[in-house]
Amino acid sequence: FVPQRIEFARVSYRYTRSWFLPLISPVPVRDWAIQNLSFALNSELVLFVGDSSSGKSTILKLIQRQVLPTEGFITYNTSMSEQTVLSALPVYLGAEKPRFDFSRTIQELVLSSNDPLRLEAANELLNSVGLQQELYSRSSQLSPSEQYRLQLVIASLESIFGYAPSDTQVLPAPVLLLDEWLDKQPTSIVHIVENALNRLAQELGAIVCVVTHKPERWKTSKVISLR
């Protein structure tokens with residue numbers, strides 16, 4: 001896998017609103033979601049924390065290219081050489097619980113492809129999140145933490161192959177955007193899944209962005225605080 005890097009350089013994003021919204025809104029209206037924000041993500045797990053309307057979800061939208069910066073630049077540096085650039089598709093996971101066909105086994109869900117490269121990637125992902133021994137278990141038989149880890153594998157495959165050309169022999173590491181994804185789960189599940197996320201970053205070069213209102217339940221040391 002090609003390790004991923006995303007860099008924000010003095011990025012600002014201004015809301016586009018009707019002129020009369022400040023006149024009718026019951027709360028103060030912010031003009032800017034984020035202002036002059038700079039940071040770099042390098043194959044790691046990072047938490048984004050802050051109050052509501054501090055710009056956390058806007059950052060995820062910017063990474064997904066759903067919106068473009070009003071000011072500044074976002075670069076996706078995944079160069080293997082000066083000639084070759086591989087970029088993963090950022091995949092968003094919201095607060096809902098994992099959703100897939102619970103009647104199917106892990107093997108049926110992620111190892112049914114005829115593409116050798118996809119099968120190799122799937123096996124590496126399963127090993128990284130600790131699910132290789134559960135290949136023939138039906139999804140309905142998995143524990144909650146295993147179901148979350150299985151969703152990570154499915155989302156990672158979508159990220160890896162989202163932009164990859166059909167004739168490629170190398171693949172980008174996944175980029176995962178988790179928006180309050182585990183906030184309703186017990187701390188014990190958060191810690192198990194966090195270990196899997198760290199392995200994806202450290203072993204495969206993934207970038208994992210986590211928006212959370214409960215940072216105290218996470219062990220990761222990299223935190224970006226927004227106001």
Side-chain angles (χ1 to χ4, degrees), residues 4-8 11-16 30 32-35 37-70 74 76 87-100 125 129 144-160 162-163 172-201 204 206-227:
Q4 298 290 280
R5 174 181 171 85
I6 298 173
E7 183 173 359
F8 278 48
V11 171
S12 299
Y13 179 75
R14 187 170 189 169
Y15 293 116
T16 301
R30 291 171 57 123
W32 296 87
I34 56 173
Q35 284 186 281
L37 186 63
S38 297
F39 61 83
L41 306 175
N42 296 280
S43 301
E44 59 191 329
L45 168 64
V46 59
L47 302 186
F48 290 90
V49 302
D51 296 334
S52 297
S53 301
S54 59
K56 302 183 299 297
S57 295
T58 299
I59 289 173
L60 300 189
K61 290 178 181 178
L62 286 163
I63 292 174
Q64 294 177 88
R65 303 181 178 94
Q66 290 184 357
V67 296
L68 298 176
T70 308
I74 302 173
Y76 300 79
S87 183
L89 170 69
V91 172
Y92 174 93
L93 294 174
E96 69 276 0
K97 291 183 178 180
R99 293 179 180 177
F100 32 71
L125 289 164
V129 303
S145 71
E146 289 170 337
Q147 291 177 0
Y148 276 97
R149 283 180 281 158
L150 175 56
Q151 189 172 30
L152 288 177
V153 172
I154 295 171
S156 294
L157 288 171
E158 181 183 350
S159 177
I160 291 165
Y163 291 147
V175 175
L176 302 177
L177 310 176
L178 312 182
D179 193 358
E180 302 179 32
W181 191 49
L182 294 170
D183 277 11
K184 296 182 180 179
Q185 298 306 309
T187 302
S188 58
I189 292 179
V190 173
H191 287 171
I192 293 172
V193 178
E194 182 180 11
N195 288 336
L197 292 170
N198 277 317
R199 288 195 298 271
L200 288 175
L204 304 185
I207 287 176
V208 184
C209 301
V210 177
V211 167
T212 179
H213 288 286
K214 299 179 179 179
E216 69 280 358
R217 298 166 63 187
W218 293 75
K219 298 178 181 179
T220 186
S221 59
K222 181 157 184 177
V223 177
I224 296 178
S225 298
L226 304 168
R227 296 181 180 180

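Only this structure's heavy atoms are used, side chains among them; waters, hydrogens and symmetry mates stay out. Nothing here was measured: the structure is a model prediction, and the numbers come from that model.
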Quick check for you: to the nearest 0.5 Å, what is the distance between L197 atom CG and L178 atom CG?
6.0 Å
Kindly give the heavy-atom pair with the smallest separation between R99 and Q151, and that separation in Å.
N-NE2, 4.0 Å
V49 and L226, any side-chain heavy atoms less than 4.5 Å apart
no
Is the shortest heavy-atom distance from the side chain of W181 to the side chain of V210 under 4.5 Å?
no
Nearest 0.5 Å please: distance from the CG atom of L176 over to the CD1 atom of I207.
10.0 Å
Smallest heavy-atom separation, A155 atom then V91 atom, equals O-CG2, 3.7 Å
All heavy atoms of I63 vs all of P90, minimum pair found to be O-CG, 3.5 Å
To check you understand the geometry: which heavy-atom pair defines the closest contact between S54 and I34, and what is its length?
O-CG2, 4.2 Å
Ignoring hydrogens, what is the shortest heavy-atom contact between L182 and V190? Give both atom names and the distance.
O-CG2, 3.8 Å
Are any of the side-chain heavy atoms of L200 and L45 separated by less than 4.5 Å?
no
Could you tell me if the side chain of V208 sits less than 4.5 Å from the side chain of L41, heavy atoms only?
no
V153 and V129: side-chain contact (heavy atoms from CB on, under 4.5 Å), yes or no, with the steps?
CA-CA 8 Å; V153 172; V129 303; 3.6 Å; yes
Side-chain ion pair, E44 and K222, N-O less than 4.0 Å
yes
So, do F8 and Y13 have ring centers that fall under 6.0 Å from each other?
no
Once rounded to the nearest 0.5 Å, what's the spacing between atom CD of Q4 and atom CG of L204?
11.5 Å
Heavy-atom closest contact (Y92 atom, Q64 atom, distance):
CB-OE1, 3.4 Å
For the CG atom of L37 and the CD1 atom of I74, what is their distance to the nearest 0.5 Å?
9.0 Å
Distance col, row L177:CG vs I59:CD1, nearest 0.5 angstrom, shows 11.0 Å
Salt bridge flag under 4.0 Å for residues R5 and E7:
yes
Are any non-hydrogen side-chain atoms of S38 and V11 less than 4.5 angstrom apart?
no
Less than 4.5 Å apart, any side-chain heavy atom of I192 and any of R149?
yes
For the backbone of V175 and the side chain of S159, can you confirm whether one donor and one acceptor N or O come within less than 3.5 Å of each other?
yes
Sidechain-backbone polar pair: D179 side chain, L93 backbone, donor-acceptor under 3.5 Å
no
Backbone of D51 reached by a side-chain donor or acceptor of K56 within 3.5 Å:
yes
Rounded to the nearest 0.5 Å, what separates atom CD in E180 from atom OG in S57?
6.5 Å
Side-chain contact test, heavy atoms from C-beta onward, threshold under 4.5 Å: evaluate it for L60 versus C209 and give yes or no.
yes
Any chance you could lay out the side-chain contact (heavy atoms from CB on, under 4.5 Å) test for F39 and I6, step after step, and finish with the verdict?
CA-CA 8 Å; F39 61 83; I6 298 173; 5.7 Å; no
Answer yes or no: is there a side-chain heavy-atom contact under 4.5 Å between P98 and L150?
no
